[in-house]
Q: 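So that we are looking at the same thing, I have put the structure below in structure tokens.
Chain identifiers are assigned alphabetically (A, B, ...) following the order of the sequence lines, protein sequences preceding nucleic acid strands; residue numbering begins at 1 within each chain. The figures that follow rest on heavy atoms only: side chains count, while hydrogens, waters and symmetry mates do not.
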There are 2 protein chains.
Amino acid sequence: MAAVTIRDVARQAGVGIATVSRVLNDSPLVSEDTRQRVQTAIAALDYSPSSVARRLSGGRSMAIAVIAPFFTRRSYVERLQGIEHVLSAGGYDLILYNVETVARRDECLRALPRGERLDGLLILSLGPDDAEVERLQQIGVPTVLIDTYHDTLPTVTVDDEAGARAAVEHLIALGHRRIAYVGEQLDDNPFHFRPIDDRYRGYRAALAAADLPFVPEYHRQGKYGWREARRMAHDLLALAAPPTAVFAYSDTMAFGALEAAQQCHITVPDQLSVIGFDDVEIAQHFRLTTIRQPLYETGARGAELLLELLDSDVSRPAPHIVLPTELVARHTTAPPAANP
Amino acid sequence: MAAVTIRDVARQAGVGIATVSRVLNDSPLVSEDTRQRVQTAIAALDYSPSSVARRLSGGRSMAIAVIAPFFTRRSYVERLQGIEHVLSAGGYDLILYNVETVARRDECLRALPRGERLDGLLILSLGPDDAEVERLQQIGVPTVLIDTYHDTLPTVTVDDEAGARAAVEHLIALGHRRIAYVGEQLDDNPFHFRPIDDRYRGYRAALAAADLPFVPEYHRQGKYGWREARRMAHDLLALAAPPTAVFAYSDTMAFGALEAAQQCHITVPDQLSVIGFDDVEIAQHFRLTTIRQPLYETGARGAELLLELLDSDVSRPAPHIVLPTELVARHTTAPPAANP
DNA sequence: CTGTTAGCGCGTTCAC
DNA sequence: GTGAACGCGCTAACAG
């Protein structure tokens with residue numbers, strides 16, 4: 001019953017199979033008369049073309065694949081939401097590939113664009129290397145990168161370095177001198193997440209610009225998550241000369257720092273300032289001062305860009321959209337205690 | 001380079017095309033010798049089979065659609081993760097449809113199974129009515145319902161009523177008598193979310209079983225979200241005889257209650273006990289006592305069930321899996337203050 | 001064990 | 001304008 005094909009429609013309408021195809025693809029070379037007949041037949045048979053067959057034969061599949069690492073993390077969910085909105089508005093299906101291991105990452109990047117015939121590809125955060133990019137272009141899958149960068153591919157990113165700098169500058173302007181950074185591991189970055197490097201650089205840059213020394217002790221690295229961040233913050237707080245402020249790689253990590261402070265009976269922001277990055281939804285709940293990055297918009301813009309590329313296959317140079325970050329001052333930052 | 005097909009591999013290995021196919025599908029009817037040759041050729045050519053072609057000839061699209069309302073909410077994300085894991089392990093694509101309005105809900109339920117060729121359908125939380133269920137069955141799309149129930153369709157749910165009852169019983173066992181319920185609106189439930197009714201019933205049932213009167217004043221309803229919950233909790237706390245404990249519909253709403261208490265300088269759990277529902281990830285962070293429901297497992301089981309149904313198209317009666325909930329006692333509940 | 005052949009459902013030249 | 005025939009890459013019968 002679900003097996004009504006284009007042939008059935010053709011027979012029903014008393015036309016050839018190609019004519020049905022033309023009608024389906026809005027070809028102008030069909031007389032209004034037969035177009036009507038075909039459409040009636042389609043409706044009568046409740047026919048819908050097989051996207052699989054369509055893909056195989058080279059037509060549009062109306063499907064976009066989204067490759068996302070750790071899509072459960074709040075920041076990805078928000079970007080995904082942006083993507084979903086514009087894709088569904090454009091009538092495209094969103095095929096989600098979650099990536100949690102390097103193996104799966106390679107598998108997706110390699111086998112997927114070749115094996116699946118999709119209209120486009122959206123890659124979140126995963127930094128593809130040159131070889132992979134070249135493969136994508138050879139295969140001819142329109143691709144847009146979100147939250148990661150490559151010269152030859154269209155990208156939508158945020159200026160992480162500037163954002164991080166703004167965060168630290170905010171702390172410095174408040175009067176802080178001993179500023180710690182709780183970040184993700186720089187050396188162990190299998191997915192090539194750019195923000196890991198960029199935010200660290202921003203931290204260093206702000207310090208340098210203010211002639212503040214970089215204290216290696218104040219730079220902590222660990223895995224993602226508030227538990228790890230809490231541990232690192234505990235270490236920081238136990239230092240002989242503890243920092244008066246901490247800049248966290250992400251809001252999630254900032255929450256960990258907040259909790260560590262609470263456990264040590266250190267009040268925020270009086271005795272310790274904490275600033276995060278992302279401005280995920282619950283950040284307001286914690287009244288967290290943070291660097292807001294437009295997560296939803298990043299996803300939406302990326303998807304829009306891809307859809308534009310699909311229509312105008314003019315291969316102009318790859319656009320690189322950079323969205324601004326913004327300091328959102330709430331209640332976890334303040335001038336340092338009088339005499340530390 | 002970009003177009004290496006099974007034929008290229010066959011030529012390279014000096015074998016027939018079918019043999020390559022056999023090797024790809026782990027058929028035992030290939031000599032170890034040729035198998036080796038083929039695999040060498042595959043590696044040499046960096047070949048990967050086109051899943052699209054495979055689908056077309058196999059008659060299956062290897063795609064499962066997931067219809068989820070508000071997939072950005074934590075509880076849905078966790079269920080989605082479970083679904084994603086088993087689907088990708090089974091080689092299926094996950095096509096995601098986000099539903100935020102009733103209109104889109106109807107659109108998905110109607111147009112989707114018709115338009116796309118999917119092997120199966122997973123519906124989260126959205127309670128389809130009889131007519132919709134009938135359509136699905138007519139079209140012949142294997143469907144599994146998660147977090148919602150229908151007689152004739154396979155379902156994976158949690159006993160929300162029992163969970164809610166356990167929450168309130170926990171409070172009662174602690175000595176509480178004035179127990180409030182902060183829930184979602186009972187009368188305005190366009191998506192037909194079952195837990196909204198069930199948890200309320202559990203609350204009432206626990207009260208009744210302990211011969212505690214139901215105090216309408218203690219029953220608050222509002223929209224989803226911690227802001228709304230915070231507002232409701234504020235109202236509750238301003239009562240002449242405020243409750244000594246509140247059971248929240250979800251962890252998210254519990255967080256709102258927690259914040260309201262904090263704003264009123266009411267300490268938790270000494271002056272007020274708060275219990276939630278779900279046990280989402282951050283609940284631990286808040287040290288929230290809550291009713292844990294196996295979100296990930298619910299999604300995973302639903303997906304597994306669907307995959308099983310796909311293989312064995314024996315139309316046995318629809319199975320109804322009910323997963324247990326569990327009280328997770330942390331630090332937001334305690335006996336009520338001595339003399340309220 | 002292995003090679004050949006016929007579809008899977010649709011898009012796309014081509015002749016008519 | 002329209003229809004028949006071929007091909008997309010692969011799997012599943014068949015033969016050998």
Q: Going by modelled atom types, is there a donor-acceptor pair between the base of D:dG3 and the side chain of A:R22 at under 3.5 Å?
A: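 Yes.
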
Q: Look at all strands and tell whether B:V20 reaches a base, only sugar-phosphate, or nothing, counting heavy atoms closer than 4.0 Å.
A: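 Touches nothing.
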
Q: Can you check the A:I6 CD1 to C:dC8 P distance for me, whole Å?
A: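 Those two atoms, CD1 and P, are 14 Å apart.
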
Q: Check the distance between C:dG9's P and A:L45's CG and give it to me in whole angstrom.
A: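 Going from CG in A:L45 over to P in C:dG9 covers 14 Å.
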
Q: Could you walk me through whether B:D151 and B:Y149 pass side chain to side chain donor-acceptor pair (under 3.5 Å), step by step?
A: CA-CA 7 Å; B:D151 270 333; B:Y149 186 90; 3.3 Å; yes

Q: Write down the distance between CG (A:N25) and P (C:dG9), rounded to a whole number of angstrom.
A: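 It works out to 18 Å between those atoms.
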
Q: What does B:V15 touch in the nucleic acid at a heavy-atom separation under 4.0 angstrom: a base, only the sugar-phosphate, or nothing?
A: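 Since only primed, P, OP1 and OP2 atoms lie under 4.0 Å of B:V15, the category is sugar-phosphate.
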
Q: Can you check whether B:A13's main-chain N or O pairs, donor with acceptor, with B:R37's side chain at less than 3.5 Å?
A: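 Answer holds: yes.
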
Q: Could you check how far CZ of A:R37 sits from P of D:dG1, rounded to whole Å?
A: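 Rounded to the whole Å, the gap is 15 Å.
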
Q: Using atom CD1 of A:I139 as one end and atom C1' of D:dG9 as the other, report the distance to the nearest whole Å.
A: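 In whole Å, D:dG9 C1' lies 15 Å from A:I139 CD1.
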
Q: Using only side-chain N and O atoms of A:T19, determine if any of them is under 4.0 Å from OP1 or OP2 of D:dG1.
A: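 Answer is no, no contact under 4.0 Å.
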
Q: Looking at C:dT12, C:dG3, C:dC10, which one has an atom nearest to any side-chain atom of A:S21?
A: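 Taking heavy atoms from C-beta onward, the closest nucleotide is C:dT12.
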
Q: Rounding to a whole Å, what distance do you find between B:D119:CG and C:dC8:C1'?
A: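 Distance check: B:D119 CG to C:dC8 C1' gives 14 Å.
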
Q: Can you measure A:L29 atom CG to C:dG11 atom C1' for me and round it to whole angstrom units?
A: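 Interatomic distance, CG of A:L29 to C1' of C:dG11: 14 Å.
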
Q: Less than 3.5 Å apart, any donor N or O on the side chain of A:H150 or A:D130 sitting next to an acceptor on the other?
A: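 Result is yes, a qualifying pair exists.
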
Q: Please confirm whether the shortest side-chain N or O distance from A:R54 to OP1 or OP2 of C:dG11 is below 4.0 Å.
A: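 For C:dG11, OP1/OP2 do have a side-chain N/O of A:R54 under 4.0 Å.
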
Q: From C-beta outward on A:A18, which listed nucleotide comes closest to its side chain: D:dA4, C:dT2, C:dC10?
A: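 Of the options given, the side chain of A:A18 lies nearest D:dA4.
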
Q: Is any side-chain heavy atom of A:Y47 closer than 4.5 Å to a side-chain heavy atom of A:L24?
A: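 They are in side-chain contact.
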
Q: Consider the side chain of B:A53, meaning its heavy atoms from C-beta on, and name the nucleotide among D:dT11, D:dG9, D:dT2 that approaches it most closely.
A: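 For the B:A53 side chain, the nearest candidate turns out to be D:dG9.
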
Q: I need the CZ-P distance between B:R11 and D:dC10, as an integer number of Å.
A: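 The answer, rounded to whole Å, is 13 Å.
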
Q: DNA chain C: B:R35 or A:L24, which has the more 5' nearest nucleotide?
A: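 Final value for this comparison: B:R35.
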
Q: Does B:I17 or B:S57 map to a spot on DNA chain C nearer the 5' end, using the closest nucleotide for each?
A: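 Of the two residues, B:I17 wins.
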
Q: So, OP1 or OP2 of C:dT2: does either fall under 4.0 Å of a side-chain N or O from B:S31?
A: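 Checking C:dT2 against B:S31, a side-chain N or O does come within under 4.0 Å of OP1 or OP2.
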
Q: Strictly under 6.0 Å, is that where the ring centroids of A:F70 and A:F191 end up?
A: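 Yes, they do, as the ring centres are separated by less than 6.0 Å.
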
